[in-house]
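See structure below.
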Amino acid sequence: MEKKILVTRSSMPTIEEYVEEIKGIWDSHWITNMGPRHKELQENLIDYLGVEQLDMFTNGHMAIELSLQALNLPKGGEVITTPFTFASTTHAIVRNGLQPIFCDINPVNFTIDVSKMEALVTDRTCAIVPVHVYGNICDIEGIQQIADKYGLKVLYDAAHTFGVRYKGKGIGSYGDVSCFSFHATKVFNSIEGGCACFTDSDFGLELYRLKNFGIRGPEIVDGVGANAKMNEFCAAMGLCNLRHVEEEIAKRKAVVERYVAQLGNVEGIQLNPVQEGVLPNYAYFPVIFDEKMFGASRNQVFATLEESGIGARKYFYPLTSTFDCFHGKYDANETPVALHISKRVLTLPLYADLALEDVDWICEIILKSRK
Ligand SMILES: Cc1ncc(COP(=O)(O)O)c(C=O)c1O
(Lines give C-alpha, C1' and ligand atoms only; values in the text may rest on other atoms or scores of the structure.)
Protein backbone atom coordinates (compact mmCIF):
# COMPACT_ATOMS: atom_id res chain seq x y z
CA MET A 1 0.00 0.00 0.00
CA GLU A 2 1.22 3.45 -0.89
CA LYS A 3 2.34 5.42 2.15
CA LYS A 4 0.06 8.30 3.18
CA ILE A 5 0.80 11.13 5.59
CA LEU A 6 -2.13 13.19 6.82
CA VAL A 7 -1.76 16.83 7.80
CA THR A 8 -2.59 15.94 11.38
CA ARG A 9 -3.26 12.94 13.58
CA SER A 10 -5.21 13.06 16.84
CA SER A 11 -3.31 12.42 20.05
CA MET A 12 -4.82 9.57 22.03
CA PRO A 13 -3.98 7.84 25.31
CA THR A 14 -3.69 4.05 25.37
CA ILE A 15 -7.05 2.32 25.34
CA GLU A 16 -6.25 0.92 28.80
CA GLU A 17 -5.75 4.42 30.22
CA TYR A 18 -9.03 5.64 28.74
CA VAL A 19 -10.98 2.58 29.94
CA GLU A 20 -9.60 3.11 33.45
CA GLU A 21 -10.71 6.74 33.29
CA ILE A 22 -14.28 5.97 32.22
CA LYS A 23 -14.89 2.94 34.50
CA GLY A 24 -16.42 5.13 37.17
CA ILE A 25 -19.01 6.40 34.71
CA TRP A 26 -20.56 2.91 34.67
CA ASP A 27 -20.79 2.88 38.44
CA SER A 28 -22.41 6.30 38.69
CA HIS A 29 -24.43 6.45 35.42
CA TRP A 30 -23.54 10.17 35.45
CA ILE A 31 -22.65 10.66 31.78
CA THR A 32 -23.14 14.38 31.24
CA ASN A 33 -24.28 17.62 32.95
CA MET A 34 -21.12 18.71 34.76
CA GLY A 35 -20.18 15.40 36.41
CA PRO A 36 -17.03 14.51 38.39
CA ARG A 37 -14.75 14.28 35.33
CA HIS A 38 -15.95 17.64 34.10
CA LYS A 39 -15.08 19.13 37.48
CA GLU A 40 -11.67 17.46 37.63
CA LEU A 41 -10.73 18.50 34.11
CA GLN A 42 -11.86 22.07 34.79
CA GLU A 43 -9.63 22.23 37.89
CA ASN A 44 -6.67 20.63 36.15
CA LEU A 45 -6.98 23.00 33.20
CA ILE A 46 -7.10 26.09 35.42
CA ASP A 47 -3.84 24.89 36.85
CA TYR A 48 -2.19 23.89 33.56
CA LEU A 49 -3.30 26.93 31.57
CA GLY A 50 -2.40 29.30 34.41
CA VAL A 51 -5.73 31.14 34.37
CA GLU A 52 -8.03 32.36 37.14
CA GLN A 53 -11.31 30.79 36.01
CA LEU A 54 -12.62 28.83 33.06
CA ASP A 55 -15.70 27.02 31.87
CA MET A 56 -15.86 24.17 29.39
CA PHE A 57 -18.03 23.59 26.32
CA THR A 58 -18.95 21.05 23.65
CA ASN A 59 -16.40 22.70 21.36
CA GLY A 60 -14.27 25.80 20.90
CA HIS A 61 -16.81 27.42 18.65
CA MET A 62 -19.53 27.41 21.30
CA ALA A 63 -17.01 28.83 23.78
CA ILE A 64 -16.47 31.79 21.43
CA GLU A 65 -20.09 32.24 20.37
CA LEU A 66 -21.50 32.10 23.90
CA SER A 67 -18.67 34.23 25.34
CA LEU A 68 -19.51 36.93 22.82
CA GLN A 69 -23.15 36.67 23.88
CA ALA A 70 -22.21 36.84 27.56
CA LEU A 71 -20.25 40.06 26.91
CA ASN A 72 -23.67 41.59 26.24
CA LEU A 73 -22.57 43.76 23.32
CA PRO A 74 -25.05 46.11 21.59
CA LYS A 75 -26.95 44.42 18.71
CA GLY A 76 -25.49 45.44 15.36
CA GLY A 77 -22.30 46.60 17.06
CA GLU A 78 -19.04 46.49 15.13
CA VAL A 79 -16.34 44.00 16.07
CA ILE A 80 -12.81 44.44 14.78
CA THR A 81 -11.41 41.07 13.79
CA THR A 82 -9.22 39.22 11.28
CA PRO A 83 -10.31 37.47 8.08
CA PHE A 84 -7.23 35.22 8.29
CA THR A 85 -8.83 32.60 10.51
CA PHE A 86 -11.09 29.58 10.61
CA ALA A 87 -14.81 30.03 9.83
CA SER A 88 -15.64 29.80 13.52
CA THR A 89 -14.30 33.23 14.53
CA THR A 90 -16.25 35.20 11.94
CA HIS A 91 -19.38 33.06 12.24
CA ALA A 92 -19.50 33.51 16.02
CA ILE A 93 -19.55 37.27 15.51
CA VAL A 94 -22.24 37.20 12.79
CA ARG A 95 -24.39 34.66 14.66
CA ASN A 96 -24.45 37.11 17.59
CA GLY A 97 -26.00 39.80 15.37
CA LEU A 98 -22.73 41.73 15.36
CA GLN A 99 -20.88 43.12 12.38
CA PRO A 100 -17.33 41.95 11.64
CA ILE A 101 -14.99 44.73 10.59
CA PHE A 102 -11.97 43.12 9.01
CA CYS A 103 -8.54 44.40 9.94
CA ASP A 104 -5.45 43.35 8.01
CA ILE A 105 -2.76 41.09 9.46
CA ASN A 106 0.95 41.70 9.87
CA PRO A 107 3.21 39.96 7.33
CA VAL A 108 5.55 38.42 9.91
CA ASN A 109 3.37 36.29 12.17
CA PHE A 110 -0.04 36.79 10.51
CA THR A 111 -1.85 38.05 13.60
CA ILE A 112 -4.03 41.18 13.48
CA ASP A 113 -2.04 44.32 12.54
CA VAL A 114 -2.47 46.66 15.48
CA SER A 115 -1.09 49.62 13.49
CA LYS A 116 -4.14 49.37 11.18
CA MET A 117 -6.71 48.83 13.89
CA GLU A 118 -7.35 52.29 15.30
CA ALA A 119 -8.43 53.64 11.90
CA LEU A 120 -11.29 51.10 11.95
CA VAL A 121 -12.76 52.27 15.29
CA THR A 122 -16.12 54.07 14.98
CA ASP A 123 -18.78 55.02 17.53
CA ARG A 124 -20.40 51.62 16.86
CA THR A 125 -17.27 49.59 17.66
CA CYS A 126 -17.86 47.50 20.77
CA ALA A 127 -15.23 44.75 20.76
CA ILE A 128 -12.03 43.34 19.30
CA VAL A 129 -11.78 39.63 18.43
CA PRO A 130 -8.16 38.84 17.49
CA VAL A 131 -6.82 35.34 16.82
CA HIS A 132 -3.53 33.90 18.09
CA VAL A 133 -3.13 32.27 14.71
CA TYR A 134 -1.03 29.03 14.38
CA GLY A 135 -0.04 29.54 18.02
CA ASN A 136 1.60 32.92 17.25
CA ILE A 137 0.45 35.41 19.80
CA CYS A 138 -1.08 38.79 18.95
CA ASP A 139 0.36 42.14 20.04
CA ILE A 140 -1.41 41.88 23.39
CA GLU A 141 -0.17 45.19 24.80
CA GLY A 142 -1.05 47.11 21.63
CA ILE A 143 -4.55 45.61 21.49
CA GLN A 144 -5.22 46.35 25.16
CA GLN A 145 -4.09 49.96 24.71
CA ILE A 146 -6.66 50.50 21.94
CA ALA A 147 -9.34 48.64 23.90
CA ASP A 148 -8.71 50.81 26.95
CA LYS A 149 -8.68 54.03 24.92
CA TYR A 150 -12.08 53.33 23.31
CA GLY A 151 -13.72 51.20 26.02
CA LEU A 152 -13.81 48.02 23.94
CA LYS A 153 -14.09 44.40 25.11
CA VAL A 154 -11.41 41.96 23.97
CA LEU A 155 -12.13 38.30 23.21
CA TYR A 156 -9.12 36.29 22.07
CA ASP A 157 -9.70 33.32 19.80
CA ALA A 158 -6.99 31.20 21.41
CA ALA A 159 -8.04 27.99 19.63
CA HIS A 160 -4.45 27.42 18.45
CA THR A 161 -2.58 28.37 21.62
CA PHE A 162 -3.21 25.61 24.15
CA GLY A 163 -0.39 25.72 26.68
CA VAL A 164 1.32 28.80 25.23
CA ARG A 165 2.78 31.20 27.78
CA TYR A 166 3.62 34.84 27.33
CA LYS A 167 5.96 36.64 29.74
CA GLY A 168 5.50 33.69 32.10
CA LYS A 169 1.69 33.94 32.15
CA GLY A 170 -0.81 31.59 30.55
CA ILE A 171 -1.96 33.05 27.23
CA GLY A 172 -5.58 32.56 28.33
CA SER A 173 -5.21 35.18 31.04
CA TYR A 174 -5.18 38.11 28.60
CA GLY A 175 -8.18 40.11 27.40
CA ASP A 176 -11.70 39.93 28.90
CA VAL A 177 -12.00 36.35 27.72
CA SER A 178 -9.84 33.85 25.82
CA CYS A 179 -11.27 30.75 24.16
CA PHE A 180 -9.40 27.50 23.46
CA SER A 181 -10.42 24.61 21.22
CA PHE A 182 -9.94 21.00 22.30
CA HIS A 183 -10.84 19.66 18.87
CA ALA A 184 -9.38 16.31 17.78
CA THR A 185 -6.84 18.09 15.56
CA LYS A 186 -5.48 20.41 18.24
CA VAL A 187 -2.38 20.14 20.45
CA PHE A 188 -4.68 19.01 23.27
CA ASN A 189 -8.01 17.32 22.59
CA SER A 190 -11.07 16.09 24.44
CA ILE A 191 -12.36 14.59 21.15
CA GLU A 192 -14.49 17.72 20.74
CA GLY A 193 -14.42 20.45 23.35
CA GLY A 194 -13.30 23.90 24.29
CA CYS A 195 -13.09 26.38 27.12
CA ALA A 196 -13.40 30.08 27.85
CA CYS A 197 -11.02 31.69 30.37
CA PHE A 198 -11.99 34.84 32.26
CA THR A 199 -11.57 36.69 35.54
CA ASP A 200 -15.00 38.29 36.06
CA SER A 201 -17.24 35.91 38.07
CA ASP A 202 -20.47 37.64 36.96
CA PHE A 203 -19.45 37.06 33.36
CA GLY A 204 -18.70 33.42 34.25
CA LEU A 205 -22.15 32.94 35.75
CA GLU A 206 -23.82 34.40 32.68
CA LEU A 207 -21.69 32.14 30.46
CA TYR A 208 -22.56 29.08 32.54
CA ARG A 209 -26.26 29.82 32.14
CA LEU A 210 -25.90 30.31 28.39
CA LYS A 211 -24.37 26.86 27.98
CA ASN A 212 -27.19 25.32 30.02
CA PHE A 213 -30.45 26.62 28.49
CA GLY A 214 -30.47 29.84 30.55
CA ILE A 215 -31.39 27.86 33.64
CA ARG A 216 -30.73 29.72 36.90
CA GLY A 217 -32.40 27.26 39.28
CA PRO A 218 -34.74 24.26 39.20
CA GLU A 219 -37.75 26.49 38.58
CA ILE A 220 -36.13 29.63 37.17
CA VAL A 221 -35.08 30.11 33.55
CA ASP A 222 -34.26 33.77 33.07
CA GLY A 223 -32.05 33.68 29.97
CA VAL A 224 -32.38 32.32 26.46
CA GLY A 225 -29.52 29.85 26.52
CA ALA A 226 -28.16 27.10 24.32
CA ASN A 227 -26.92 23.63 25.20
CA ALA A 228 -23.14 23.45 25.04
CA LYS A 229 -22.21 21.24 27.98
CA MET A 230 -19.17 18.96 27.74
CA ASN A 231 -20.07 15.32 28.50
CA GLU A 232 -18.17 12.96 30.80
CA PHE A 233 -16.63 10.87 28.02
CA CYS A 234 -15.04 13.94 26.45
CA ALA A 235 -13.90 15.17 29.86
CA ALA A 236 -12.33 11.73 30.48
CA MET A 237 -10.43 11.94 27.17
CA GLY A 238 -9.28 15.40 28.21
CA LEU A 239 -8.04 14.11 31.58
CA CYS A 240 -6.01 11.38 29.85
CA ASN A 241 -4.57 13.64 27.15
CA LEU A 242 -3.67 16.36 29.63
CA ARG A 243 -1.34 13.90 31.42
CA HIS A 244 0.69 13.57 28.20
CA VAL A 245 0.46 17.06 26.73
CA GLU A 246 3.97 18.17 27.72
CA GLU A 247 5.43 15.09 26.05
CA GLU A 248 3.28 15.79 22.96
CA ILE A 249 4.54 19.36 22.75
CA ALA A 250 8.16 18.20 23.13
CA LYS A 251 7.72 15.77 20.23
CA ARG A 252 6.07 18.46 18.10
CA LYS A 253 9.05 20.70 18.85
CA ALA A 254 11.43 18.08 17.45
CA VAL A 255 9.34 17.86 14.25
CA VAL A 256 9.27 21.64 13.86
CA GLU A 257 13.03 21.90 14.41
CA ARG A 258 13.58 19.30 11.70
CA TYR A 259 11.41 21.27 9.26
CA VAL A 260 13.22 24.50 10.14
CA ALA A 261 16.61 22.86 9.62
CA GLN A 262 15.64 21.87 6.09
CA LEU A 263 13.44 24.75 4.95
CA GLY A 264 14.75 27.63 7.06
CA ASN A 265 17.31 28.90 4.55
CA VAL A 266 15.58 28.17 1.27
CA GLU A 267 15.08 31.15 -1.00
CA GLY A 268 11.39 31.91 -1.58
CA ILE A 269 10.22 30.17 1.60
CA GLN A 270 9.03 32.23 4.56
CA LEU A 271 8.60 30.67 8.00
CA ASN A 272 7.20 32.18 11.20
CA PRO A 273 9.95 33.46 13.52
CA VAL A 274 10.01 32.48 17.20
CA GLN A 275 8.37 35.30 19.18
CA GLU A 276 10.13 37.01 22.06
CA GLY A 277 8.82 36.19 25.54
CA VAL A 278 6.69 33.32 24.21
CA LEU A 279 6.80 29.68 25.26
CA PRO A 280 5.37 28.08 22.08
CA ASN A 281 3.23 24.97 21.61
CA TYR A 282 4.27 24.05 18.02
CA ALA A 283 0.64 23.79 16.94
CA TYR A 284 1.13 24.34 13.19
CA PHE A 285 3.91 24.66 10.66
CA PRO A 286 2.86 27.29 8.11
CA VAL A 287 5.08 27.90 5.08
CA ILE A 288 4.71 30.81 2.65
CA PHE A 289 5.82 30.14 -0.91
CA ASP A 290 6.93 32.99 -3.15
CA GLU A 291 6.47 31.49 -6.61
CA LYS A 292 9.09 33.65 -8.37
CA MET A 293 11.83 33.16 -5.80
CA PHE A 294 11.10 29.56 -4.88
CA GLY A 295 10.30 28.28 -8.36
CA ALA A 296 6.89 26.77 -7.62
CA SER A 297 3.61 28.21 -6.43
CA ARG A 298 1.77 27.16 -3.28
CA ASN A 299 -0.77 25.34 -5.42
CA GLN A 300 1.94 23.49 -7.32
CA VAL A 301 3.62 22.39 -4.07
CA PHE A 302 0.23 21.34 -2.69
CA ALA A 303 -0.47 19.24 -5.81
CA THR A 304 2.99 17.60 -5.77
CA LEU A 305 2.59 16.68 -2.12
CA GLU A 306 -0.88 15.30 -2.80
CA GLU A 307 0.44 13.13 -5.63
CA SER A 308 2.94 11.67 -3.17
CA GLY A 309 0.24 10.88 -0.60
CA ILE A 310 1.11 13.80 1.68
CA GLY A 311 -1.71 15.96 2.98
CA ALA A 312 -0.84 19.62 3.43
CA ARG A 313 -3.56 22.20 4.05
CA LYS A 314 -4.34 25.62 2.54
CA TYR A 315 -5.01 26.98 6.00
CA PHE A 316 -6.40 29.71 5.84
CA TYR A 317 -7.65 29.92 2.32
CA PRO A 318 -10.01 31.43 1.40
CA LEU A 319 -10.25 34.39 3.79
CA THR A 320 -13.47 34.26 5.83
CA SER A 321 -14.45 37.66 4.37
CA THR A 322 -14.67 36.03 0.92
CA PHE A 323 -16.85 33.05 1.92
CA ASP A 324 -19.86 32.48 -0.34
CA CYS A 325 -22.20 33.09 2.60
CA PHE A 326 -20.93 36.71 2.76
CA HIS A 327 -20.98 37.23 -1.00
CA GLY A 328 -20.68 40.92 -1.91
CA LYS A 329 -20.50 42.10 1.72
CA TYR A 330 -16.77 42.58 2.24
CA ASP A 331 -13.84 43.54 0.06
CA ALA A 332 -10.77 41.35 0.51
CA ASN A 333 -8.64 44.04 -1.13
CA GLU A 334 -9.06 46.05 2.06
CA THR A 335 -6.92 43.43 3.81
CA PRO A 336 -4.15 43.06 1.21
CA VAL A 337 -1.62 41.29 3.43
CA ALA A 338 -4.17 38.69 4.51
CA LEU A 339 -5.14 38.17 0.88
CA HIS A 340 -1.49 37.84 -0.17
CA ILE A 341 -0.65 35.33 2.57
CA SER A 342 -3.83 33.26 2.08
CA LYS A 343 -2.84 32.66 -1.55
CA ARG A 344 0.66 31.53 -0.63
CA VAL A 345 0.36 29.58 2.61
CA LEU A 346 0.45 25.85 3.24
CA THR A 347 0.49 24.20 6.64
CA LEU A 348 2.61 21.05 6.54
CA PRO A 349 1.91 17.77 8.34
CA LEU A 350 2.59 18.14 12.05
CA TYR A 351 1.74 15.85 14.93
CA ALA A 352 3.63 14.35 17.84
CA ASP A 353 4.28 10.95 16.26
CA LEU A 354 5.34 12.20 12.83
CA ALA A 355 8.67 10.44 12.17
CA LEU A 356 11.62 12.75 11.54
CA GLU A 357 12.51 10.67 8.44
CA ASP A 358 9.03 11.48 7.13
CA VAL A 359 9.73 15.16 7.69
CA ASP A 360 12.89 14.74 5.60
CA TRP A 361 10.87 13.03 2.88
CA ILE A 362 8.20 15.78 2.90
CA CYS A 363 10.90 18.46 2.60
CA GLU A 364 12.59 16.56 -0.20
CA ILE A 365 9.35 16.49 -2.20
CA ILE A 366 8.74 20.18 -1.54
CA LEU A 367 12.21 21.10 -2.77
CA LYS A 368 11.89 18.83 -5.81
CA SER A 369 8.63 20.51 -6.83
CA ARG A 370 10.65 23.52 -8.09
CA LYS A 371 10.73 23.93 -11.85
C1 LIG B 1 -8.96 29.73 14.82
C2 LIG B 1 -10.05 28.78 15.25
N3 LIG B 1 -11.09 29.28 15.93
C4 LIG B 1 -12.07 28.49 16.36
C5 LIG B 1 -12.08 27.13 16.13
C6 LIG B 1 -13.24 26.31 16.55
O7 LIG B 1 -12.93 25.29 17.43
P8 LIG B 1 -13.78 23.95 17.47
O9 LIG B 1 -13.46 23.15 16.26
O10 LIG B 1 -13.34 23.30 18.73
O11 LIG B 1 -15.22 24.34 17.51
C12 LIG B 1 -10.99 26.57 15.43
C13 LIG B 1 -10.84 25.14 15.18
O14 LIG B 1 -11.27 24.28 14.75
C15 LIG B 1 -9.96 27.42 14.96
O16 LIG B 1 -8.93 26.92 14.26
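One-based numbering, in listed order, for ligands and for the atoms of each.
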Notebook entry, point to check: Taking 4.0 angstrom as the limit, do E40 and R37 come out as a salt bridge?
Noted result: no
Check: For residues 322-333, which residue pairs qualify under side chain to side chain donor-acceptor pair (under 3.5 Å), counting only residues two or more places apart or in two chains?
Finding: D331-N333
Next item on the list: Using the ring of Y174 (Phe, Tyr or Trp, six-membered ring only), decide whether K169 places NZ or CZ under 6.0 Å from its centre and within 45 degrees of its axis.
Entry: yes
Margin query: Would K314 pass as a cation-pi partner of F302, given that its NZ or CZ must be under 6.0 Å from the six-membered ring centre and within 45 degrees of the axis?
Written below: yes
Output block, N or O contacts of ligand 1, threshold 3.5 Å exclusive:
{"unit_1": "ligand 1", "atom_1": "3 (N)", "unit_2": "D157", "atom_2": "OD1", "d": "3.2"}
{"unit_1": "ligand 1", "atom_1": "3 (N)", "unit_2": "D157", "atom_2": "OD2", "d": "2.7"}
{"unit_1": "ligand 1", "atom_1": "7 (O)", "unit_2": "S181", "atom_2": "OG", "d": "3.4"}
{"unit_1": "ligand 1", "atom_1": "10 (O)", "unit_2": "G60", "atom_2": "N", "d": "2.8"}
{"unit_1": "ligand 1", "atom_1": "10 (O)", "unit_2": "S181", "atom_2": "OG", "d": "2.7"}
{"unit_1": "ligand 1", "atom_1": "11 (O)", "unit_2": "G60", "atom_2": "N", "d": "3.3"}
{"unit_1": "ligand 1", "atom_1": "11 (O)", "unit_2": "H61", "atom_2": "N", "d": "2.8"}
{"unit_1": "ligand 1", "atom_1": "14 (O)", "unit_2": "K186", "atom_2": "NZ", "d": "3.1"}
{"unit_1": "ligand 1", "atom_1": "16 (O)", "unit_2": "H160", "atom_2": "NE2", "d": "2.8"}
{"unit_1": "ligand 1", "atom_1": "16 (O)", "unit_2": "Y315", "atom_2": "OH", "d": "3.0"}

Note to self: Holding to salt bridge (Lys or Arg N to Asp or Glu O under 4.0 Å), I want the full list of residues that pass it with E257, two or more places apart in sequence or in another chain.
What the structure shows: K253
Next item on the list: Just jot down the ring pair (Phe, Tyr, Trp, His ring centres under 6.0 Å) partners of Y317, sequence neighbours excluded, or say none.
Entry: none
